[in-house]
2 protein chains.
Amino acid sequence: MKHADIKYTNQRVEILDFLGDFQGHPTVEDVYEGVRQKLTRISKATVYNNLKFLAEKGLIKEVNVKGVSRFESNLMPHHHTICIKCGEIKDYESEQLSDLTMEVAENIDDFTIRSADVNFLGVCKKCMEE
Amino acid sequence: MKHADIKYTNQRVEILDFLGDFQGHPTVEDVYEGVRQKLTRISKATVYNNLKFLAEKGLIKEVNVKGVSRFESNLMPHHHTICIKCGEIKDYESEQLSDLTMEVAENIDDFTIRSADVNFLGVCKKCMEE
DNA sequence: TATTAAATAATAATTGTTATTATTTAAACC
DNA sequence: GGTTTAAATAATAACAATTATTATTTAATA
Ligand SMILES: [Mn+2]
Ligand SMILES: [Mn+2]
Ligand SMILES: [Zn+2]
Ligand SMILES: [Zn+2]
């Protein structure tokens, strides 16, 4: 799914590669630190700019956890569980819910849908045991 | 639905009153400015503390839009449409979706559910016309 | 090759939020 | 009722994430 209208700079390629390898939902800082291993001179502003850019182009997804942005390259429809104690975020899949969400989304009046996010907020197992 | 185990200080009452009157989803700043009309000497820290406190107690709901906290006293199950251009947030109701979301939420393993948020991101009518 | 626009790096500025501390208020106890 | 104690508040400092600015570099275009 390579878009023709996008300029694949070194920085963007490294960011996409990093997100492809990463298991989870890294913050901007995570991406910056990771990409820096290969592009030692990359600026954090470039990471911010390109994460936003790539998200706008639909190549990656942004998910906000407790006020901070996280990213992923997994574009398959899925949901998230987010621990309100430790901030842990995990994927959760329910095809039925994805389907209904999309269906509802497409029928909202006076609104051009871009995406529909379902977040389950609660306390993870580990935090519960404490 | 007045909780007995909560101390209803002037500040808390004013915050709750403000949220009850307000049509929409005010930010902390909005609440601060609003409540200040009556309690001119209230501190912004108190607004922060009490909004968090009241949300934890379940008397109000917090909803995060583009990384900033917003609040509402509408506790009925509902969803939100959020404009990615201007940030406008509006309520949207689908009983079917609320029901399925709750059902799915209750069956997530190793996770103590607190709430399930559905956010529709897109472009509102006004922003679309520009 | 010269011109132009886009992208990047470095860093300053801003914003939303949290932490700290002194003061005030109100409940609990005698 | 007056005293003790804890909770809540006000004021403000500190912090972290993000955005804005500007000079420089890179790449596309003519
Ligand atoms: Mn995910
Ligand atoms: Mn609402
Ligand atoms: Zn946790
Ligand atoms: Zn809009």
Side-chain angles (χ1 to χ4, degrees), chain A residues 3-18 25-57 59-72 82 84-87 89 121, chain B residues 3-18 25-57 59-72 82 84-87 89 121:
Chain A
H3 288 225
D5 60 331
I6 284 172
K7 199 180 290 182
Y8 283 88
T9 63
N10 289 346
Q11 289 86 343
R12 284 172 191 169
V13 169
E14 286 300 332
I15 288 170
L16 286 171
D17 280 1
F18 177 81
H25 305 79
T27 62
V28 173
E29 190 66 29
D30 293 333
V31 176
Y32 175 58
E33 292 302 333
V35 169
R36 219 142 69 109
Q37 303 305 314
K38 297 218 169 174
L39 288 178
T40 53
R41 297 200 57 75
I42 195 171
S43 164
K44 193 181 279 189
T46 299
V47 177
Y48 269 98
N49 285 339
N50 283 328
L51 285 171
K52 185 155 83 169
F53 173 85
L54 295 167
E56 275 168 6
K57 293 292 183 185
L59 278 83
I60 63 176
K61 280 282 293 175
E62 179 173 0
V63 38
N64 198 286
V65 179
K66 286 176 149 197
V68 327
S69 287
R70 291 171 172 271
F71 298 87
E72 66 181 334
I82 300 170
I84 56 177
K85 297 283 182 193
C86 69
I89 170 173
L121 304 183
Chain B
H3 288 225
D5 59 332
I6 284 171
K7 199 180 290 181
Y8 284 88
T9 63
N10 289 346
Q11 290 86 344
R12 284 172 189 168
V13 170
E14 287 300 332
I15 289 169
L16 286 170
D17 281 1
F18 177 81
H25 304 80
T27 61
V28 174
E29 189 67 29
D30 293 333
V31 176
Y32 176 58
E33 292 302 335
V35 169
R36 219 141 70 108
Q37 304 304 314
K38 298 217 168 174
L39 288 179
T40 54
R41 298 201 55 74
I42 195 172
S43 164
K44 193 181 279 188
T46 299
V47 177
Y48 269 97
N49 286 339
N50 282 329
L51 285 170
K52 184 155 83 169
F53 173 86
L54 295 168
E56 274 167 8
K57 293 293 182 184
L59 278 81
I60 64 177
K61 279 283 292 174
E62 179 172 359
V63 37
N64 198 288
V65 180
K66 287 176 151 198
V68 326
S69 286
R70 292 171 171 271
F71 298 86
E72 66 181 333
I82 300 169
I84 55 178
K85 297 284 183 193
C86 68
I89 171 173
L121 304 182

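Just so we're on the same page: letters track the sequence lines, and every chain starts at 1. Side chains included, hydrogens not; waters and symmetry mates left out as well; all remaining heavy atoms used.
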Result for 5'-nearest mapping on DNA chain C, choosing between B:Asn10 and B:Gly67, is B:Gly67

Out of D:dT18, D:dA11, C:dA7, minimum distance to the side chain of A:Lys7 belongs to C:dA7

**Item:** Short side-chain N/O contact to C:dT8 OP1/OP2 from A:Asn50, under 4.0 Å
**Value:** yes

B:Thr9 has its side chain closest, among C:dA9, D:dT9, D:dT18, to D:dT9

Does the side chain of B:Gln11 come within less than 4.5 Å of B:Leu39's, by heavy atoms?
yes

Against the side chain of B:Gln11, the closest entry in C:dA9, D:dA10, D:dT19 is D:dA10

Practice task
For D:dA8, take OP1 and OP2 only and decide whether either is under 4.0 Å from a side-chain N or O of B:Thr46.
Solution key: no

In whole angstroms, the gap separating P of D:dA7 from CD1 of B:Ile6 amounts to 15 Å

Rounded to whole Å, the CG-C1' distance (B:Leu51 to C:dG16) equals 13 Å

- Query: Do B:Ile42 and B:Tyr32 have side-chain heavy atoms sitting under 4.5 Å apart?
  - Reply: yes

Testing D:dA11, C:dT11, C:dT8 for proximity to the side chain of B:Arg41, the answer is D:dA11

Practice problem: Using a 4.0 Å heavy-atom cut-off across all strands, classify A:Thr27 as base, sugar-phosphate, or nothing. | Solution: nothing

To the nearest angstrom, the CG-P distance between B:Asn49 and D:dA11 comes to 14 Å

ask   = At under 4.0 Å between heavy atoms, what does A:Glu29 touch on the DNA or RNA strands: base, sugar-phosphate, or nothing?
value = nothing

Taken to the nearest whole Å, OH/B:Tyr8 to P/D:dA8 is 13 Å

Shortest non-hydrogen pair, B:Glu62 vs B:Ser69, comes out as OE2-OG, 2.6 Å

Considering only heavy side-chain atoms of B:Tyr48, the closest of C:dG16, D:dA10, D:dA20 is C:dG16

Next item on the list: Measure from the side-chain N and O atoms of A:Arg70 to the backbone N and O of A:His25, and report whether any donor-acceptor pair falls under 3.5 Å.
Entry: yes

Margin query: In the structure I gave you, are the side-chain heavy atoms of B:Ile6 and B:Phe53 within less than 4.5 Å of one another anywhere?
Written below: yes

A:Arg12 has its side chain closest, among D:dT9, C:dA7, C:dA9, to C:dA7

Comparing nearest nucleotides in DNA chain C, the 5'-proximal residue of the pair A:Lys44, B:Val28 is A:Lys44

From CG of B:Asp30 across to P of C:dT17 the rounded distance in Å is 11 Å

